[in-house]
Amino acid sequence: MGCGHKDDKASLASSQIASFSHQPHQPPSTPASKEVWKKGGRMFSILLAVHLALLACTLVSSGAFEKIAVHDYDVFFLLTVMMLIVIIWIIFYLAGTSRCPDAILCKDSHAGPIWLRGGLILFAIFSLVMDVFKIGYYSSFYSCLSAIKIIYPIVQAIFVVIQTYFLWISAKDCVHVHLNVTRCGLMLTLTTNLAVWMSAVTDESVHKAHSKLKKNMTEEIFRWILKAGMRSSSAEECNCNSQICQIFKNGYFWLYPFNIEYSLFASAMVYVMWKNVGRFIDHHSHHIHRLKFRLFRRTFFVGIVLGLIILVSGLGVLILYEVQVNSSTESSKKSQALTMYYIFNIVCLGLMSLVCIGGSVIYRFDKRDMDRHKNPTRTLDVALLMGAALGQYAISYYSIVAIVASTPRDAISALNLTYALLMIAQHTFQNIFIIEGLHRQPPKEDHKHDSHQKDLYGLTFVNINAVSLRMPDSGSALAPSAASSTEAIHPSDLVRSLTAPKKMNWRRKFLREISMFLLLSNIILWIMPAFGARPQFDNDTELNFYGDSMWPAIVDICLPFGIFYRMHAVASLLEVYIMS
């Protein structure tokens with residue numbers, strides 16, 4: 001599979017490009033055959049990804065339940081093998097495929113924006129710290145553990161480093177050699193990230209369930225339940241008794257949310273690369289917008305200030321919630337913490353819903369054209385926003401049914417009902433605002449001015465009378481072109497030409513304020529459930545209505561999607577802010 005032997009599709013496309021350069025109006029000769037081969041290569045890679053994902057999901061879910069002869073080290077072994085294969089393929093891509101002649105004929109300017117890659121690096125750093133804590137934790141009692149538990153975090157750290165470098169330099173590539181191998185490699189990478197995500201979510205959920213069980217009973221009963229119900233026979237031998245071991249254990253569980261977000265961010269970027277394999281971009285219609293991120297310019301600071309107030313207040317609520325709910329067994333403190341949590345979220349979600357409605361109204365007055373060009377990145381952003389919101393929708397609707405059907409109803413139930421309804425409304429209005437913002441074209445400079453008006457834009461001070469006096473009369477002897485270019489100049493037109501570039505549209509200012517407020521609010525709404533503030537497990541209404549087994553399963557399945565929605569909304573709102 002050398003560089004000189006390309007797929008038929010690549011050679012056919014190259015010949016068509018050459019023919020287009022000589023015959024620009026000639027249509028492609030065999031578009032149907034190209035599309036068939038494209039779909040065939042994609043279908044094979046999709047089938048590979050589906051089978052691997054089902055295998056990983058089966059092992060991960062089986063290892064999470066009791067009385068099933070699937071151990072956690074079986075899951076670690078599969079994930080380790082998958083990550084090693086992906087590492088080998090990435091090295092092959094960087095050293096071989098990307099260096100072939102005509103391997104990357106064009107790049108997708110929309111794929112892998114700098115803020116997305118920056119977020120990926122941030123999450124990668126925390127993931128590496130988590131792997132260090134894991135290695136330290138498992139090394140504390142390596143004599144009674146399987147070796148794969150120590151090998152797995154080491155391989156995962158190498159995988160994170162290599163994949164982050166690969167996505168940083170190759171996220172925009174449109175590869176045209178080794179098409180089928182590249183598609184399969186990218187789908188394997190995507191499946192591996194999703195498998196690691198599933199494993200991390202499951203491990204975190206099991207850990208929280210054990211922590212809650214341990215808090216509600218004595219230490220002796222808890223150990224007896226673990227020994228009787230868990231398949232591992234080393235629960236008693238491998239106790240983490242030292243202080244350093246406890247630090248490593250608590251540390252890597254606190255860092256799980258960053259690793260979860262890293263896997264999802266990487267999966268999204270890999271999917272866009274997979275869509276761009278074999279793609280030719282029309283540079284006449286695929287404009288590259290070089291937008292500058294100016295955070296503290298042309299803004300009223302209202303959105304930033306309100307967003308920071310929400311962010312700081314949310315951090316205070318999170319700390320108090322953790323102290324009163326997770327560190328105390330008194331029911332009165334638990335009720336106070338739930339009341340405080342619901343009131344804060346009701347205020348925050350209400351403000352966000354109103355702001356999103358206001359932004360949608362402002363878009364009705366926006367004169368920018370809609371961007372209708374093909375954009376896999378934007379298509380994926382919209383799909384992820386709509387799909388990830390389903391998780392929070394499901395939790396909210398389950399809560400609404402439980403609250404309405406349960407009796408008696410108290411103040412916390414009323415707050416919980418209001419919280420669930422506002423959560424549905426906020427997700428809906430925010431999706432409308434973000435999707436409409438992503439489909440708007442960035443603001444452009446006004447290029448419809450005449451040449452003499454462009455020259456006048458550079459003037460800082462001008463004497464209007466002097467300019468008007470220098471204009472010749474319309475009846476003077478001038479060339480037709482000169483007469484047509486000068487007779488339209490008037491002092492009032494000159495004033496408008498000089499002042500127009502200095503004004504920023506009020507609609508753009510308000511859209512920036514709205515985007516920044518929503519961005520900061522989504523950050524705190526991501527932090528709170530990601531780091532332990534989960535009233536779904538602490539409110540007795542849903543637990544009593546659905547039972548101790550069904551309701552935790554619903555939350556464990558749906559809540560990770562809701563958490564991911566917040567972080568993806570942050571990235572999308574940052575793009576909307578920059579494009580406004």
Side-chain angles (χ1 to χ4, degrees), residues 6-7 9-10 13-14 16-17 20 28 31 34-35 37-39 41-42 45-46 89-90 93-94 97-121 163-187 189-190 193 264-293 370-385 434-435 437-442 444 568 571-572 574-576 578-579:
K6 299 181 183 179
D7 293 8
K9 176 182 174 180
S14 300
Q16 288 179 352
I17 291 177
F20 290 163
K34 288 175 60 181
E35 186 66 21
W37 281 107
K38 181 179 182 180
K39 289 184 178 179
R42 285 185 174 180
S45 61
I46 289 174
W89 174 78
I90 291 177
Y93 178 89
L94 295 176
T97 301
S98 62
R99 297 188 179 183
C100 291
D102 299 330
I104 304 172
L105 300 177
C106 53
K107 289 181 178 288
D108 185 1
S109 61
H110 298 289
I114 186 64
W115 54 87
L116 186 61
R117 288 182 290 166
L120 185 75
I121 290 180
Q163 180 179 244
T164 304
Y165 174 75
F166 163 69
L167 293 176
W168 179 266
I169 66 173
S170 305
K172 299 178 181 293
D173 291 354
C174 298
V175 184
H176 294 277
V177 298
H178 304 161
L179 298 182
N180 292 330
V181 174
T182 304
R183 286 195 181 103
C184 291
L186 289 171
M187 269 298 165
T189 307
L190 188 149
N193 281 285
L264 293 175
F265 267 54
S267 299
M269 296 178 69
V270 169
Y271 174 79
V272 174
M273 286 189 65
W274 178 78
K275 290 285 289 184
N276 284 331
V277 172
R279 180 188 176 197
F280 289 95
I281 298 177
D282 184 7
H283 293 283
H284 297 285
S285 62
H286 192 78
H287 302 286
I288 300 176
H289 305 288
R290 301 186 180 277
L291 302 174
K292 295 182 179 180
F293 181 67
M370 301 294 289
D371 188 0
R372 306 184 186 278
H373 297 123
K374 183 179 179 181
N375 188 343
T377 305
R378 183 177 59 210
T379 303
L380 178 63
D381 288 339
V382 173
L384 290 177
L385 285 172
I434 293 177
I435 292 172
L438 292 176
H439 282 83
R440 295 282 178 173
Q441 289 187 354
K444 298 178 181 179
H568 189 71
S572 300
L574 184 58
E575 186 173 358
V576 172
I578 295 175
M579 294 177 65

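None of the values given here were measured: they were computed from a predicted structure.
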Which heavy atom of [X] sits nearest to which heavy atom of [Y], and what is that distance?
X      : Y      : result
Thr182 : Trp89  : O-CZ2, 3.8 Å
Ala266 : Leu120 : N-CD1, 3.8 Å
Ala111 : Lys172 : O-NZ, 2.7 Å

Looking at side-chain heavy atoms only, is the closest gap between [X] and [Y] below 4.5 Å?
X      : Y      : value
Asp381 : Glu575 : yes
Thr189 : Asn193 : yes
Val177 : Asp102 : no
Ser170 : Asp173 : yes
Met273 : Cys174 : no
His176 : Cys100 : no
Tyr93  : Val181 : no
Ile121 : Arg117 : no

| said: Determine whether a donor-acceptor pair (N or O, by modelled atom type, separation under 3.5 Å) exists between the side chain of Ser45 and the backbone of Arg42. | reply: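 At least one qualifying donor-acceptor pair exists.
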
Nearest 0.5 angstrom please: [X] [atom1] to [Y] [atom2], how far?
X      : Y      : atom1 : atom2 : answer
Leu94  : Ile169 : CG    : CD1   : 5.0 Å
Thr97  : Ile104 : OG1   : CD1   : 9.0 Å
Ser267 : Leu186 : OG    : CG    : 11.5 Å
Ser98  : His178 : OG    : NE2   : 10.5 Å
His568 : Ile434 : NE2   : CD1   : 8.0 Å
Met187 : Trp274 : CE    : CH2   : 4.0 Å

| message | For Phe265, give me all partners under ring-ring contact (aromatic ring centres under 6.0 Å, His included), at least two apart in sequence or on another chain. | response | Phe123

